[in-house]
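So the structure is just underneath, and the comments pick up after that.
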Amino acid sequence: MTDDILKPPNDSPVIRTIAMPADTNPAGDIFGGWLMAHMDLAAGNVATRRVKGRAATVAVEAMAFLSPVLVGDEVSFYGTVIATGRTSLKIRIEAWRRKREGEEIIKVTEATFTFVAIDKDRRPRPIDPI
Ligand SMILES: CCCCCCCCCCCCCCCC(=O)SCCNC(=O)CCNC(=O)[C@H](O)C(C)(C)COP(=O)(O)OP(=O)(O)OC[C@H]1O[C@@H](n2cnc3c(N)ncnc32)[C@H](O)[C@@H]1OP(=O)(O)O
């Protein structure tokens with residue numbers, strides 16, 4: 001097991017929430033789609049701050065689910081901009097779970113989202129350099 005599976009990022013999470021019974025699949029575990037939606041939201045939040053305006057998801061790279069999320073888990077979504085192009089940017093999102101009554105934290109999934117800064121007509125617009 002590599003170190004990055006054992007330790008979450010140092011930054012504050014973009015989103016931290018509790019997995020609820022309404023978020024489960026028929027087997028009682030949390031839906032993968034619930035995680036994906038939160039990851040998109042977290043990446044969108046990071047993108048919106050970076051591009052100082054609207055941004056749209058244009059692509060998501062492969063996502064593997066490493067560990068199930070259970071009802072009552074605290075789930076934290078961390079996001080980092082890893083590359084910036086002319087109008088697009090790539091954001092790495094990691095999701096980590098903590099059991100309700102414990103301190104152990106486990107990586108659940110990770111993925112790289114590509115967002116495009118868009119204008120009022122929903123067309124790509126250049127991203128300001130930092
Ligand atoms: C009232 C408002 C409140 C706001 C409150 C904000 C709150 C904040 C938190 C909320 C956050 C929510 C976050 C949810 C975000 C969605 O849910 S968005 C909805 C889902 N996404 C969509 O509907 C997008 C649909 N796609 C499109 O409209 C068009 O593809 C786009 C995005 C406008 C791009 O148009 P295009 O003609 O493909 O653009 P093109 O010039 O070819 O390429 C532009 C850039 O994208 C890159 N690109 C294009 N396709 C790809 C691809 N497949 N892979 C990688 N890169 C690509 C290009 O390489 C290029 O990059 P740069 O070299 O310029 O850096």
>> Taking Ala37's backbone N and O only, do any of them form a donor-acceptor pair with Asp40's side chain (distance below 3.5 Å, no angle check)?
In response: no

> Does some side-chain heavy atom of Phe77 sit less than 4.5 Å from a side-chain heavy atom of Leu35?
Replying inline: yes

> Do you know which two heavy atoms are closest between Pro13 and Ser76, and how far apart they sit?
Replying inline: CB-CB, 4.0 Å

>> Please report the interatomic distance CD(Glu104) to NZ(Lys99), rounded to the nearest 0.5 Å.
In response: 5.5 Å

>> Ignoring hydrogens, what is the shortest heavy-atom contact between Gly72 and Arg100? Give both atom names and the distance.
In response: O-CB, 3.5 Å

> If two hydrophobic side chains count as joined below 4.5 Å and joins carry through other members, does Ile15 share a cluster with Ile105?
Replying inline: no

>> Can you give me the closest heavy-atom contact between Met36 and Phe113, atom names plus distance?
In response: O-CZ, 4.5 Å

>> For the CG atom of Asp23 and the OG1 atom of Thr17, what is their distance to the nearest 0.5 Å?
In response: 7.5 Å

>> Once rounded to the nearest 0.5 Å, what's the spacing between atom NE2 of His38 and atom CD1 of Ile30?
In response: 10.0 Å

>> Using side-chain contact (heavy atoms from CB on, under 4.5 Å), reason through Asp29 and Leu70 one step at a time and then give a plain yes or no.
In response: CA-CA 5 Å; Asp29 297 342; Leu70 306 180; 3.4 Å; yes

> Of all heavy-atom pairs between Val14 and Ala42, which one has the smallest distance, and what is that distance?
Replying inline: CG1-O, 3.7 Å

> If Ile, Leu, Val, Met, Phe, Trp and Tyr residues are connected whenever their side-chain heavy atoms lie under 4.5 Å apart, and connections chain through other members, are Phe115 and Val46 in the same group?
Replying inline: yes

> Say you draw a straight line from CD1 of Ile82 to NZ of Lys90; how long is it, rounded to the nearest 0.5 Å?
Replying inline: 7.0 Å

> Does Thr114 reach the side chain of Val60, with side-chain heavy atoms less than 4.5 Å apart?
Replying inline: no

>> Nearest 0.5 Å, please: how far is CZ in Arg50 from CD1 in Ile91?
In response: 10.0 Å

> Distance-only, no hydrogens or angles: does the Asp121 side chain make a donor-acceptor pair with backbone N or O of Arg123 under 3.5 Å?
Replying inline: no

> CD/Glu94 to CE/Met39 distance, rounded to the nearest 0.5 angstrom?
Replying inline: 8.5 Å

> Does Val116 share a hydrophobic cluster with Val81, counting links as ILVMFWY side-chain heavy atoms below 4.5 Å and allowing steps through other members?
Replying inline: no

> For the side chain of Thr109 and the backbone of Ala64, is there at least one donor-acceptor N/O pair under 3.5 Å apart?
Replying inline: yes

>> Looking at every heavy atom in both Tyr78 and Asp11, which two are closest together, and how far apart are they?
In response: CE2-O, 3.1 Å

> Does Asp73 use its side chain to pair, donor to acceptor, with the backbone of Val75 at less than 3.5 Å?
Replying inline: no

>> Please check this pair: side chain of Arg125 against backbone of Ile118, looking for a donor-acceptor N/O pair closer than 3.5 Å.
In response: yes

> Do Leu89 and Ile93 sit in the same hydrophobic cluster, where Ile, Leu, Val, Met, Phe, Trp and Tyr count as joined when their side-chain heavy atoms come under 4.5 Å apart?
Replying inline: yes

> Do the side chains of Phe65 and Phe31 join up, straight or via other hydrophobic residues, at under 4.5 Å, putting them in one cluster?
Replying inline: yes

>> Which heavy atom of Gly28 sits nearest to which heavy atom of Val71, and what is that distance?
In response: O-CG2, 4.3 Å

>> Any non-hydrogen side-chain atom of Arg54 less than 4.5 Å from a side-chain atom of Lys120?
In response: no

